[in-house]
Amino acid sequence: MFTFKEIYRAYIACRRRKRNTINALHYEANLIDNLCNLETLLNQGAYKPKRSVCFLTTSPKLREVFAADFSDRVVHHIVVPILEQIYEPFFIYDSYSNRKKKGIHGASKRARHFMCGSKYYLQLDVKSFFYSINKEILFLKLKKRIISDYHRIEGTQIEMHEMLTLVHKIIWQDVTQNVCIKGDSKSFENLPEHKTLFKVPKHKGLPIGNLTSQFFANVYMNDFDNFVKRELKCKRYLRYVDDFVLFADSKKDLMYQYKQIVDYLEKELELKLRDRYILRENKEGLDFLGYIIRPHYTLVRKRVVNNFKYKKALYLQAYERQKGKMGLEEIRAFLSVQASFVGHIKHANSYKLQNKVGIIHESNPFDYDRA
């Protein structure tokens with residue numbers, strides 16, 4: 001049912017861009033044994049997710065992240081590509097998170113395109129989205145679609161009931177049990193009750209950080225996406241995770257759609273929008289996914305620029321302290337941050353910005369005077 005070839009293919013996908021991390025290296029040290037053991041557990045129905053590592057991130061805000069064990073991430077890379085074959089035909093075109101050839105840059109370009117054909121926009125986002133997802137509703141949606149469309153899947157020998165069992169185990173894993181806390185546990189006390197899985201009801205919440213959580217979020221919101229497009233007849237609508245925007249020529253139309261959206265989310269998905277919505281003219285600009293988007297040009301958000309400047313300053317300070325002795329890992333870490341920043345700003349009108357912030361050259365990362 002679960003073939004070694006399929007598990008190995010998932011492992012290769014899982015380690016992509018993460019091969020030098022501690023967890024990946026530890027797993028690779030006994031690779032064949034680990035993969036064979038995982039194959040045995042899956043085929044005997046004895047697989048159970050292992051303990052997660054929980055830590056806090058502070059950028060762009062304080063957030064709780066649960067990182068699955070590496071072997072569990074391999075399983076996630078088995079499940080998601082298979083379910084994608086079922087769901088891709090049913091996802092709307094303008095759903096942009098965790099999908100091939102979509103992403104942040106695709107969403108920002110599409111938003112700008114919609115702006116050119118409308119006068120106003122309504123920007124909304126769901127309150128505590130991942131912590132509010134009802135696991136029972138989610139699993140029923142998945143179960144219904146898997147049963148009706150599993151015959152679409154190609155290239156796998158995994159039987160339908162085995163996939164359903166695996167999906168159920170992933171969704172209902174209580175990641176707060178036997179968890180490994182990384183960092184100061186007291187800092188978790190600063191999290192609001194609705195922002196931590198330790199305090200939400202057990203039938204709600206998915207861990208931020210897992211590939212499956214990102215995919216399941218699209219599944220959970222898919223019926224809503226189709227409701228907005230098909231029933232509310234909103235031609236210009238796009239969503240990235242829990243952040244979505246509607247475009248129209250009439251404020252009245254957008255306010256009507258807003259009321260319908262509030263009712264649908266509460267009744268069908270047990271979700272609530274943030275109290276503050278944004279309804280503005282397009283010419284005022286849309287603050288969306290790290291950009292300020294206007295009908296005829298796009299700028300990079302100041303917070304994104306300031307974050308890069310801060311990280312660059314730390315790098316240059318380290319250079320001064322360790323002149324001639326800076327390690328390759330530190331250099332690579334900063335160049336990775338810089339590459340991400342450059343990749344982000346190049347999708348905006350940012351020629352002057354690139355010259356202003358100064359890009360450190362990879363050919364000579366210590367020659368910061370040129371930057």
Side-chain angles (χ1 to χ4, degrees), residues 11-29 31 52-74 76-77 97-98 103-105 108 179-185 187-188 207-211 213-214 241 289-291 300-348 350 353-371:
Y11 160 74
I12 295 297
C14 184
R15 79 176 188 186
R16 190 173 295 128
R17 294 188 295 274
K18 298 178 181 177
R19 191 171 186 179
N20 291 324
T21 62
I22 294 175
N23 290 334
L25 291 171
H26 181 72
Y27 195 85
E28 190 172 2
L31 180 60
S52 298
V53 175
C54 182
F55 58 92
L56 296 179
T57 61
T58 56
S59 179
K61 56 186 176 181
L62 190 65
R63 180 176 293 173
E64 174 188 83
V65 176
F66 284 86
D69 184 85
F70 193 87
S71 62
D72 294 329
R73 281 181 264 165
V74 173
H76 297 170
H77 279 271
S97 60
N98 195 47
I104 288 174
H105 304 133
S108 64
V179 64
C180 175
I181 302 291
K182 189 176 180 181
D184 185 5
S185 59
S187 57
F188 284 80
I208 295 175
N210 288 350
L211 176 65
S213 297
Q214 299 170 43
V241 193
L289 302 177
Y291 298 104
V300 181
R301 193 178 181 187
K302 285 185 178 179
R303 187 174 71 185
V304 174
V305 177
N306 291 336
N307 283 344
F308 173 72
K309 286 181 177 179
Y310 173 73
K311 291 174 181 177
K312 179 186 173 187
L314 292 180
Y315 173 80
L316 295 180
Q317 289 172 12
Y319 167 79
E320 293 291 350
R321 291 194 307 268
Q322 307 174 43
K323 195 167 184 178
K325 297 181 180 179
M326 182 175 279
L328 285 176
E329 287 302 316
E330 292 178 274
I331 297 172
R332 287 170 178 165
F334 174 76
L335 291 177
S336 176
V337 169
Q338 179 175 265
S340 178
F341 174 72
V342 172
H344 183 76
I345 67 174
K346 74 179 183 181
H347 291 274
S350 61
L353 175 62
Q354 292 188 47
N355 293 325
K356 186 177 179 180
V357 298
I359 302 302
I360 293 177
H361 299 272
E362 186 172 355
S363 59
N364 190 353
F366 297 111
D367 186 10
Y368 63 89
D369 289 331
R370 295 190 299 165

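- Separation of atoms CZ (Arg15) and OG1 (Thr21) is listed at 11.0 Å; rounding is to 0.5 Å.
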Q) Can you list the steps and then say if His76 with Asn210 is a side-chain contact (heavy atoms from CB on, under 4.5 Å)? A) CA-CA 8 Å; His76 297 170; Asn210 288 350; 3.8 Å; yes

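- For the pair Ile208/Arg63, a side-chain contact is recorded, criterion being any heavy-atom separation below 4.5 Å from C-beta on.
- Expressed to the nearest 0.5 Å, how far OH of Tyr11 lies from CG of Leu31 amounts to 4.5 Å.
- Judged as a side-chain contact (heavy atoms from CB on, under 4.5 Å), and not counting sequence neighbours, the contacts of Lys311 are Val337.
- For Arg19, the side chain to side chain donor-acceptor pair (under 3.5 Å) partners are Glu28, not counting sequence neighbours.
- Distance check, rounded to the nearest 0.5 Å: SG of Cys14 to CG of Leu211 gives 8.5 Å.
- Distance check: Leu56 CG to Glu64 CD gives 7.0 Å after rounding to the nearest 0.5 Å.
- Side-chain atoms of Arg73 come within 3.5 Å of backbone atoms of Ala68 as a donor-acceptor pair (strictly under, hydrogens ignored).
- Ring planes of His105 and His344: tilted class, angle from 30 to 60°.
- In this structure, Asn306 CG and Arg301 CZ are separated by 11.0 Å, a value rounded to the nearest 0.5 Å.
- Between Phe341 and Val304, the shortest heavy-atom contact is CE1-O, 4.0 Å.
- Here the OG atom belonging to Ser350 is positioned 8.5 Å from the OH atom belonging to Tyr291, to the nearest 0.5 angstrom.
- For the residue pair Ser71/Asp69, the side-chain donor-acceptor check at 3.5 Å is satisfied.
- Nearest heavy atoms, Thr57 versus Phe55: CG2-CE1, 3.8 Å.
- In terms of modelled atom types and a separation under 3.5 Å, the side chain of Ser213 and the main chain of Pro207 share a donor-acceptor contact.
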